Structures are given as C-alpha cells and as structure tokens.
Amino acid sequence: MPKISGFLLDADYTDVSEKSVIRLFIKTEKSHEIVKDHSFRPYFYAIVENPEKDKAKIAEDLKGVLKRAEIVEKKLNINDKPREVLKLTFDSTRMLVDARAKCKELSYVIERREYKLPFARRYLIDKNLTYFDYLEISVDENNSVEKIEKLEDRPIKFNIGVFDLETLSPERFSNPQLDPILMASFGTENWTKVICEKPIEKDYAIKVNDEKGLIEKIVSLIKESDLDILGTYNGDSFDIPYIKTRADKLKTGVKIGLDNSEPMIKRKGMGNAVLIKGLQHVDAYLIVRILARLGVVNLIKFDLESVSEAIFGEWKEKVKAEEINQIWNSNKGLERLANYNKEDSEVTFKLIKNYLPIFVELSKLVKQNLYDTTRAASSTLVENLLVLESANLGILIPNDPNESLINQRMMQTYVGGFVKEPEPGLHENIAVLDFSSLHPTIMISHNISPDTLNCGHEECKQKNMAPNNNYFCTKKPGFLSNTLKQLFEKRIKLKEMVKKMDKESMEYKVLNAQQTSLKIILNATYGSLGYARFRWYSRECASAVTAFSRQYAQMVGAEAEKAGFRWIAGDTDSAFLEIPKNRAKDDIIKFADEINNKLPGVMNLEIEGFYKRGLFVTKRGSDEAAKKKYALMDEKGRLKIVGFEYVRRDWARIAKDTQRRVIEAVLKEGDSAKAINIVKETLDYLKSGKAKKEELIIYTQIKRKLKDYESIGPHVAAAKKAIQRGKSIEIGSVIEYIVTKSGKSISDRAELAEFVKEGNYDADYYISHQVLPAVIKIMQELGHSEDDLKHGGKQKTLQAFFGA
DNA sequence: TAATTCGCTAGACCGA
DNA sequence: TCGGTCTAGCGAA
C-alpha cells in the first residue's frame, strides 16, 4: 500500500457524488499531496425528550436527508451528568444544512447542538489531528486514505513566497476594470524578481510582452515555487482581487490553488478575505494589525514604509501613486519604481518569516489553519480553544447566542478596573509595581468560571467571595479557570526553558512562539467573558474579575502607605510609589515580597522599574490630576511618556515634538527656562510660516459612513471635500489633514494634506489649539501658574506670556 | 465580522 | 457670542 508522509498543512472538504469528502493537504518531502478521506461523515446533535422514541420519529421526519440516527451520551452543560441525545449523521454538509433547518421546526427537538462546526474542523477534532502534525498516510491508488498515523513532531521549514503589484491610477485610485498592472514582484527566501513589459536595467528584472504576459509569469512563478504559504501585503483587499479582475479581462487565469483553483474572494466583515486552496494565503497587513493590537508596535500609518521603519528599523523609499503614473508615462525612473516594487515584496517576506512561528503555534493550539488564525478575532481564538476542551470532556458546545440575547447582554455593562487619581506635579524616586497578568491570574487563583459561579457551598461563599458578591467554588476546578491554569503553567515552564537558550537558535524561536501564543490566549480570555457574542459569556465572572482587581489594587496602595511609601498613582494593575529619602530600593523589594506572601494562587506583584523622576499633570480646565497621563525618567535618563498628546496620532507632530522636548527639559534637567525657550522658538517658527506640512498633519480615522456622522469634525469635513475632488475614502481610512488659512470654522479650514501647498497653514490654530495646549499643563507644574504670571509680569495668562 | 472598561480632550452643536 | 452638552476618536490597562 502506498504511503504519503508529510505535514498537515490544511484540511477542507469537497462533494463527490452527493457525499462530502475530507481533503487533507499534505506538505511532503518533495512537494504537496492532496489525499481524500471518504470514511468520515458530517453530523450534529439533537436534544430530544425521549431519545428512544424520537429516534424513530426523526428518521421519518428527515427521510431523504438523514443517513443515520444514533443515541449517544453527552453532557449538555459543564456541570451536568451525561444524558442520551441523538447524533444525526449525513452524507453531505448540504444535507446537514437542510436537516438542521428542518429540525428547528420539529416540536420534539428541544435543541440542536454543534450544527455549525465546520466539517474539516469536526474531522480534526474527532480524529485527534492538528495542523502541522507529521503524518504517515496509507492511501489507495486514488490517494484515498486507508489509514493515518501520527508520527513524532518535527520542525517544519516553510516554503514562503510573496508577491506585490504596482498599478496605474490615473483617477487617484486604480480601477481594475480600466487600469493595468504595471509591475509585479515575486520573492522567496533567496531572491526577488520584478516583472514588467518595459525594459528595466536591473538583473532582477524579467521582461514580458504585455500585461497578460505579466500575469501569466507571476502565476507560473507561484506555481513553480510549490509554495506552502503565499504572502501579500493587503492581498485580501487589493492585490489578489485586482489581479483576478485583470486576468478575467485579459482572458487568462490565476489558477494558483494546489488543485488548480482560482483564489476565492470572500466577504469578511467590511472587507475581503482571499482563500487559496491548499496554499495558505497570509496577508501580512493583518499580521501588522494584530501586532498593533497586541502593543508590539505603535503605528500611525500602516504602509510598508512605516512598518519597515517601526518593526525592522529600516528606511524604505516610498513612490507615491502620482509618481508611479508619471514614471510609467514618461518611462523615466522605471528602475526606481522596480526597486520600490521589489522592496515591498522583501519587507512583506520578512514580516511573514518573522512572525509566522507565533501564528503556527496559535494554529496548533486552537486547531485552525494559518489562513484562519491570521484572520481570527481574539474571542474566536479563545472559543476555538474551549471547543477543544469541551470535546475532550464530552460536553456539548454551547450554541451561539441569538441576536435578542446579544442585545440583552449588551445593555448590561459592569464596572472595570480601579484608577487612582495621581498627585499632580513632579515626584522623585518612584517605584512602579504591577501585577503580572492580572486578569488571568485572578481567574486562575479564584477559580472564576461560569460553572463554579455561586456553587451553593457555604464554605465557598465564606472563603472565595468576590467584592461584587459573587462567589466561586473551591471544591472542584472550573472549566474555564482550569483551562487557563494549564496554559499558564505551560507558559511558565516554556519561559524558564527559553531563558537559557540562544536567541538565534531554531529551538528558541519555536518555544518562544509557543509561550507567546499562550500569552495571547490568556490575555484574550477575560475580555471575551464580557463580550456579548461569546459562547461562554458570563457578566458575573467578568465583573468578579474586575471586582477582585480593584480590591487588590487598593490593597497594595493601602499597604504601601502603611509601609511608609507614598502611593502617588495607579491604573488597574499598577501602583506608583514614591520612595522617601530615608528609604531604599531594597525596602520596595521587601515590600513586594510581603505582598506576594499574602496573594492567593498564582497572583504575583512584580517590580516593573525604578524611576528617578516622574511628572503628573492636571486636567485641562480643572485642578484635578489627569489619570492615564504621565511621564517617567528612569535611572539611565530614558523617558517613558504615557497618555500624553505626544503618543497620540490625532495631534500634529509639531505639538507632539515640542511637548516631548519640554518634558525632557523638565525631567532631565529640571530646567524651566529651557522649556520656555523651546516653546517660544516653536511659536516663532510657526509664525514665520516656515513650518513643513509633515509637521502639521493631524491623523484621524474615519470610523463610519460619512453620511452617518451627526457632528462634522475636521477630519470628516476634509474627507468630504476630498471625495468631491475624486479621492476614494472608506471606513477605516486615516485622514491626514492640515488646518489651512482659508475658512471660518476649523472644519472649514481642514484639508487633506496632499491638497495643501507648503506654507498654507493657520499658524494661530497650530499655536493655540496644538502647541500651547500640549505644553501649558506641564509649564504649570514648573510653577508657572497663570496667577504667578499675572503678578510677575504684565501678561495675564500663559498664552499671553508666550505672545500668542 | 466584531474582547473589556476607564479616561481625556477636541470641536461641533445648540439654545439663550 | 457665549457656555454648556454631546459626539467622536484615541489611548491605558
């Protein structure tokens, strides 16, 4: 019997003569193989009053679609005893879909369960297979599975290829119905080529006859490379739909699927997702979005130039759309465009190569293919993990909540973390303590889980009551909390192992990716609990987590005061403590130890760092201190600026830079004269009219349809004007606008930066709405109160003082 | 198709 | 024209 050995890269199903058949995509030593498993049928469960009787009834009612009904034992809910339910099996998923609709109408069917689980996923769960497993599959002459054996895990070396298109855009944006593809780059591990019909004096250039030739060349490069992963940057919404449309028009195809299928463009939320059969399409743009969400990078713009700079510290030249048109029409600068096209592919490749291990590990963890994992929401990751846990425990997965339940849930919110109002002003010698993984460790340590909630035991009520008056069982591990505990412990072990390893080694990269993937799941769980569409939603649990968190945050603050420190600020999981002159760092270490001795379970307070100086300011238009806004300087003079305008993209760079310089002067040198000078210079510069566009741009995102805005802010006004000039702006577009000289309101004066001439800006606006608001509160902490200035000089306000 | 709450601030909007 | 209120976006955790 022939055998096929290799990694399980993907799984799906296809219909063969009215039967749904599982396909496994295997990465073998040499290439790829598709094998079919005819032995597995789709099914779902029906909960009925009387299994024995209803089994016969349902066979009658589902005649023609049902293949088999059998009685099996399952737990309906986590805490239930197993009971008899009907397992309904079908020949095809289409029949399953038919039947599940019919079942809804049957009065004796109390509930349907697991009727939406994707068939391939069902298969992997039942067969105990996971993506990237190394399999040995015995097949017959038609590549049909006879037997699957799972061999020991082994490292996998992916064959990755990326491509990128440059298109003509005479109308400000490219229209695939009209505008041709000008160049395409394709890159792999060792080389990148640029394809173009015009001659390019570069050794990496490939000349083709026309656009059709270009498409055919890129398709053949992809096919010949026998890829596991095809990477793009924004391929979901741009490159792949574009090349498909062009290929259609030019009467050629993009048959790059392993089964020679075309890419499938699926609607996903507001945008697209492009699926290629047997080949994982990884859109690196989504990876960057995820990294931004995880706080790995902080980006204002998501173009490859910004990404390259922020993630790899490498500058990359941008060729703008108008320049591309110019280059193409004049044939001057084709090499520059080719280089740009090539670098786009290279950065995309690097992104995928760098972050792939994390997504591979996540895929394994939750049994999703790479395509889905790179596109999954965090609650979906958590859900999929819990689906596996349920299957292991013989519990039927809870159904999705219906819309009315979702709405009901959304009406009820709960109280979050505790934020201490800081003591405004300059502080010296600050220790910042914080709880490591606060929410997960609370859930684990207090056994918070929907199934342990208010268990009824008097003892648990006494010993494990959250401050929101919900309590959790102490006698048996909770479904959710125990799952988290396993992940948590595994992560601790991995972190220990990784510590000793060479960071460049393959082993390190894999294990580190494993611990990162665990962290992603651990951190996403608490938020999911309070998410209305989550299958395991529990407002009581989410609320108990935050109730405990407030209690612990307050406890640390109070104990710190008792121990002789000043509790000057804190946010959710942190405490900022000022260390008095007569105390040392060691006292903080001792203090943290004492707290840790009192903390339950795996909760842990750690010392985040020591800071020489810290600045807290008051809110605008009030004397209260602002929360979530501070600047710290560590012992090496490095600044940490949090919450200030400096970190916000919706402030102009000139204001942000000035603010940073002022903060630096204050924290590093304690020099108010210098700070005042910095501000004065900036104001003069603005007044001179010499400020550059890039210093004046304000970035703000359009978050809804333009017609849906009740209040027309500057970014909306600028967007509307831009649309009239032919720009395409959609939900999610980040508007880059400048406040110009002409117009009445600020919105009137706001224009897209690309339409603004250098020098056309409203200096008054940038002075009194940008630079001064960003620095005034800081100057006040230096003792330059408005009152002081009134008496010290003739000026009435700080604003007047700076001559604005 | 979508994780949570807390918090700051701007600029529009609206009524006197 | 003023001042209070509301809409909107973004950041912290």
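Computed from a prediction, not measured in an experiment: that's the story for all the values here. Just so it is clear: chains get the letters A, B, ... in the order the sequence lines come, proteins before strands, and each one is counted from 1.
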(message) Under 4.0 Å from a heavy atom of chain A: give me the 5'-most and 3'-most nucleotides of DNA chain C that qualify.
(response) dT7(C) to dA13(C)
Exercise answer: donor-acceptor pairs, residues 708-717 of chain A side-chain atoms, under 3.5 Å, sequence neighbours excluded:
residue   : atom : partner   : partner atom : Å
Tyr709(A) : OH   : Lys703(A) : N            : 3.0

(message) What's Lys628(A) touching, base or sugar-phosphate or nothing? Going by heavy atoms closer than 4.0 Å.
(response) base
(request) Would you check if the side chain of Lys693(A) reaches a backbone N or O of Val756(A) as a donor-acceptor pair within less than 3.5 Å? (result) yes
(message) I'd like to check the side-chain contact (heavy atoms from CB on, under 4.5 Å) partners of Leu286(A); sequence neighbours left out, ordered by chain and number.
(response) Asp236(A), Asp283(A), Arg375(A)
(message) In this structure, how many angstroms lie between the P atom of dC6(B) and the CD atom of Glu624(A), rounded?
(response) 17 Å
(message) So Thr380(A), base contact, sugar-phosphate only, or nothing? Heavy-atom distance under 4.0 Å.
(response) sugar-phosphate
(message) Show, in sequence, the C-alpha distance, side-chain angles and deciding distance for Ser481(A) and Asn447(A), and conclude whether the side-chain hydrogen bond (donor to acceptor under 3.5 Å, both in side chains) test is met.
(response) CA-CA 5 Å; Ser481(A) 42; Asn447(A) 203 24; 2.6 Å; yes
(request) To the nearest 0.5 angstrom, please state how far the CG atom of Leu518(A) sits from the CG atom of Leu385(A). (result) 9.0 Å
(message) Can you pull out the residues from residues 693-704 of chain A that lie within a 4.0 Å heavy-atom distance of DNA chain C?
(response) Thr700(A), Gln701(A), Lys703(A), Arg704(A)
(request) Could you pull out all residues at least two apart from Asn369(A) that satisfy side-chain contact (heavy atoms from CB on, under 4.5 Å)? (result) Asp10(A), Tyr131(A), Gln280(A), Tyr371(A), Asp372(A)
(message) At 4.0 Å (heavy atoms only), tell me whether Gly416(A) reaches a base, stays on the sugar-phosphate, or touches nothing.
(response) sugar-phosphate
(request) Kindly check if the number of other-residue, nucleotide or ligand heavy atoms within 6.0 Å of NZ (Lys485(A)) is above 12? (result) no
(request) Could you tell me the separation between the NZ atom of Lys656(A) and the C1' atom of dT9(B), rounded to a whole number of Å? (result) 15 Å
(message) One character per nucleotide, please: for nucleotides 10-16 of chain B, 5' to 3', B when the base has a protein heavy atom closer than 4.0 Å, S when only the sugar-phosphate does, - otherwise.
(response) SSSS---
(message) Rounded to whole Å, please give me the gap between CG in Asp400(A) and C1' in dT1(B).
(response) 12 Å
(message) So, using ring pair (Phe, Tyr, Trp, His ring centres under 6.0 Å) as the criterion, who are the partners of Tyr737(A) when residues are at least two apart?
(response) none
(request) List in chain and number order the residues that pass ring pair (Phe, Tyr, Trp, His ring centres under 6.0 Å) with Tyr765(A), two or more places apart in sequence or in another chain; answer none if no residue qualifies. (result) His769(A)
(request) List in chain and number order the residues that pass salt bridge (Lys or Arg N to Asp or Glu O under 4.0 Å) with Arg100(A), two or more places apart in sequence or in another chain; answer none if no residue qualifies. (result) none
(request) Using heavy atoms and a sub-4.0 Å distance, could you list which residues of residues 406-414 of chain A are near DNA chain B? By number, please. (result) Thr413(A), Tyr414(A)
(message) Does this structure show an ion pair linking Arg660(A) with Glu664(A), if we count only N-O contacts that are shorter than 4.0 Å?
(response) yes
(message) Does Val415(A) reach a base, just sugar-phosphate, or nothing at all? Heavy atoms under 4.0 Å.
(response) sugar-phosphate
(request) Return no unless some side-chain N or O of Lys619(A) is found under 4.0 Å from OP1 or OP2 of dC8(B). (result) yes
(message) Tell me every residue that passes side-chain contact (heavy atoms from CB on, under 4.5 Å) with Val415(A), counting only those two or more places apart in sequence or in another chain.
(response) Arg550(A)
(message) Looking at dT4(B), I'd like to know if its phosphate oxygens (OP1 or OP2) sit under 4.0 Å from a side-chain N or O belonging to Thr546(A).
(response) no
(message) Considering every strand and a 4.0 Å limit on heavy-atom distances, what is the contact class for His715(A): base, sugar-phosphate, or nothing?
(response) sugar-phosphate
(request) Starting at atom NZ of Lys629(A), determine the distance to atom C1' of dT9(B), rounded to an integer number of angstrom. (result) 7 Å
(request) Could you walk me through whether Met555(A) and Ile595(A) pass the side chain to side chain contact (heavy atoms under 4.5 Å, CB included) test, one step at a time? (result) CA-CA 9 Å; Met555(A) 184 270 277; Ile595(A) 295 288; 3.9 Å; yes
(request) Would you classify Ser378(A) as touching base, sugar-phosphate or nothing, given that sugar-phosphate means primed atoms plus P, OP1 and OP2, and contacts are heavy atoms under 4.0 Å? (result) base
(request) Can you tell me the distance, in whole Å, between the CZ atom of Arg267(A) and the C1' atom of dA2(B)? (result) 15 Å
(message) Students often get this wrong, so: under 4.0 angstrom with heavy atoms, is Phe644(A) touching a base, only sugar-phosphate, or nothing?
(response) nothing
(request) Sequence neighbours left out, what passes ring pair (Phe, Tyr, Trp, His ring centres under 6.0 Å) with His446(A)? Give chain and number order. (result) Phe548(A), Tyr552(A)
(request) Using a strict 4.0 Å threshold on nitrogen-to-oxygen distance, state whether Lys628(A) and Asp571(A) make a salt bridge. (result) yes
(request) Please work out if Ala542(A) contacts a base, only the sugar-phosphate, or nothing of the nucleic acid, heavy-atom cut-off 4.0 Å. (result) nothing
(request) For dA2(B) and dA13(C), measure between their P atoms and round to the nearest Å. (result) 27 Å
(request) Name the nucleic acid region contacted by Tyr709(A), choosing base, sugar-phosphate or nothing; use a 4.0 angstrom heavy-atom cut-off, strictly under. (result) sugar-phosphate
(message) Rounded to whole Å, how long is the line connecting atom CG of Leu385(A) with atom P of dA3(B)?
(response) 16 Å
(request) Return the value, rounded to whole Å, for the distance between atom NZ of Lys420(A) and atom C1' of dC6(B). (result) 16 Å
(request) Let me know the distance between OH of Tyr646(A) and P of dT9(B), rounded to the nearest Å. (result) 19 Å
